[in-house]
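I have placed the structure first, in the form of structure tokens, so that the comments after it can refer back to it.
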Amino acid sequence: MNPTTRQPAMRRVLPLLLSLSALFLPAQARSIFQPPNPLLLSSTELDDLEFVKTYIEANANNTFREPSGVLSHPYLVPSGPYDQCWDWDSVFTGTALLSLGSAPYLAGSMKNFFEATGPTGDVTICLDPSDPNPSCSSDPSDNPAVAAHAKPLLIQGALIAARYTGDYSQFLEYKDKMELLLDYWDRERKDEETNLYVWHDQMESGADNLVTSPCPSSRSGCWVEKDCGNSLSSADLMTELYREHKAFAAFLQEWGDQGASDKIDKHLQIAESIRDAMNTHLWNKDKGSYIAYNVTSRTPILNDVYLLAFPLFGDDVCSTAQAQAVASRIFMDDMMGEWGVRSTSSNDPSYNNDNLITPYSNWQGPVWANANAIIGYGLLDNGYKEKALDLAKRTIAVMAEDLRNSGTWHECWDSEGGGGGLAAEGFLSWNTLGYRLVDDIVSGKNPFKI
Ligand SMILES: *[C@@H]1O[C@H](CO)[C@@H](O)[C@H](O)[C@H]1NC(C)=O
Ligand SMILES: *[C@@H]1O[C@H](CO)[C@@H](O)[C@H](O)[C@H]1NC(C)=O
């Protein structure tokens with residue numbers, strides 16, 4: 001491997017010129033002078049892709065862990081400074097590395113979370129964050145008011161592992177746990193007036209300091225539990241939960257147990273009501289994007305962040321018009337940089353690319369691989385294959401650039417600079433999606449589809 005220096009301007013402009021010129025050729029000439037397939041990669045892009053894939057192949061199993069301590073099943077870790085089993089990291093990494101042997105680790109990570117799910121749907125295996133093998137969705141000491149629990153992604157993670165192995169029955173014993181997890185959100189986190197569900201804080205959402213919260217979590221001095229806690233509804237939670245109910249319905253279908261059809265209907269109905277609530281309260285027609293909402297103050301939260309396009313990832317959540325609006329909105333300069341989607345718009349007063357990990361990772365501007373992948377697969381599913389590929393190429397480019405600059409990966413990247421890695425050196429989590437993202441998009445396959 002000998003990746004060449006990038007030539008970003010050339011790479012974009014040349015294919016565009018060629019494809020534009022094709023528009024003005026008569027049909028006959030067009031068949032002779034075939035424009036390059038817009039889905040083809042330039043030789044620099046192919047070099048970058050091979051570089052990234054080679055790195056992932058050589059390092060994939062650094063994310064694999066055998067059962068240990070409270071974790072009685074094999075699991076995945078995000079590597080770098082993180083040696084724990086994390087909820088959404090596992091789902092993305094496990095899916096990324098299926099062809100490299102991750103299926104038992106993905107399945108095991110989800111089983112560890114199910115086994116640690118208590119009777120009220122809380123997930124209690126992360127009681128001691130200093131334990132080298134805890135399983136954290138968030139540090140419980142962050143949230144004294146609520147028990148630790150996982151993001152609503154575990155059932156879909158399990159479903160992906162089950163589909164890949166053809167073994168759905170390995171999860172049958174966790175059926176009750178799955179229901180407890182889903183019931184938790186309905187019982188504790190649903191705003192009855194709007195049917196919107198809420199995050200406790202931004203640490204819980206995983207986008208630690210996202211600007212949709214003026215005070216992101218108890219790690220900030222401004223936090224006041226009674227005002228801030230459980231006030232934020234946003235499109236990530238709604239989309240994840242929508243998918244989670246559909247994934248549970250898919251499991252029930254596969255298991256085919258007694259009384260399944262009533263339950264399947266119930267969960268599909270809940271999914272629909274989640275979609276409807278999101279499209280009623282989190283869709284902003286004037287902006288042509290999804291927004292967030294404060295259920296305490298009953299006011300919309302209008303900051304532009306990567307979540308404005310997140311519902312594309314929800315299979316059939318967006319109407320054709322909504323998909324079209326967010327697909328073009330996310331490609332506007334304030335949201336789309338050279339390296340992909342900025343976590344927060346460059347027009348936001350809080351926008352920055354500071355290199356942070358303590359007290360929280362930075363979602364106020366940097367590019368995150370999982371956000372790029374979620375939106376990339378979402379664009380693909382909604383019929384925007386070229387845009388999806390464009391985004392995937394930017395993602396591969398920044399991954400290659402970080403590797404060239406630093407020899408390793410970081411958890412996010414400067415959305416302005418020259419592909420600079422920020423924080424968590426050695427991170428090897430959802431960025432492993434670089435192994436399959438381009439191939440999936442070219443072949444029109446979304447491995448996350450429920
Ligand atoms: C990872 O793969 C390498 C090469 O196949 C092997 O030598 C090593 O033992 C593996 N490590 C783990 C943790 O499985
Ligand atoms: C919601 O509104 C309350 C009351 O005005 C405020 O204290 C809290 O910080 C807001 N939360 C978010 C996420 O905007």
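Counting starts at 1 for both ligands and their atoms, following the listed order.
Of the listed options V295, N294, D227, T296, N294 places a heavy atom closest to atom 14 (O) of ligand 2.
Remark: K387 is positioned above the aromatic ring of F331, its terminal NZ or CZ atom under 6.0 angstrom from the ring centre and at most 45 degrees off the axis.
Using a 4.0 Å heavy-atom cutoff, S213 is listed among the residues neighbouring ligand 2.
Shown in contact with P214 at under 4.0 Å from a heavy atom are these atoms of ligand 2, numbered in order with element: 9 (O), 12 (C), 14 (O). Near S231, meaning under 4.0 Å from any of its heavy atoms, are these atoms of ligand 2: 1 (C), 10 (C), 11 (N), 12 (C), 13 (C). Close approach to I301 involves these atoms of ligand 2, each under 4.0 Å from a residue heavy atom: 14 (O).
Below 30°, between 30° and 60°, or above 60°: for F310 and F313 the angle between ring planes is above 60°, a perpendicular geometry.
A ring-centre distance under 6.0 Å is found for W363 and Y306.
Between E401 and R404, at least one side-chain nitrogen of the basic residue sits less than 4.0 Å from a carboxylate oxygen of the acidic one, meeting the salt-bridge criterion.
No side-chain heavy atom of L210 sits under 4.5 Å from any side-chain heavy atom of Q364.
Distance from atom 5 (O) of ligand 2 to its nearest protein heavy atom, with residue and atom name: S297 CB, 3.9 Å.
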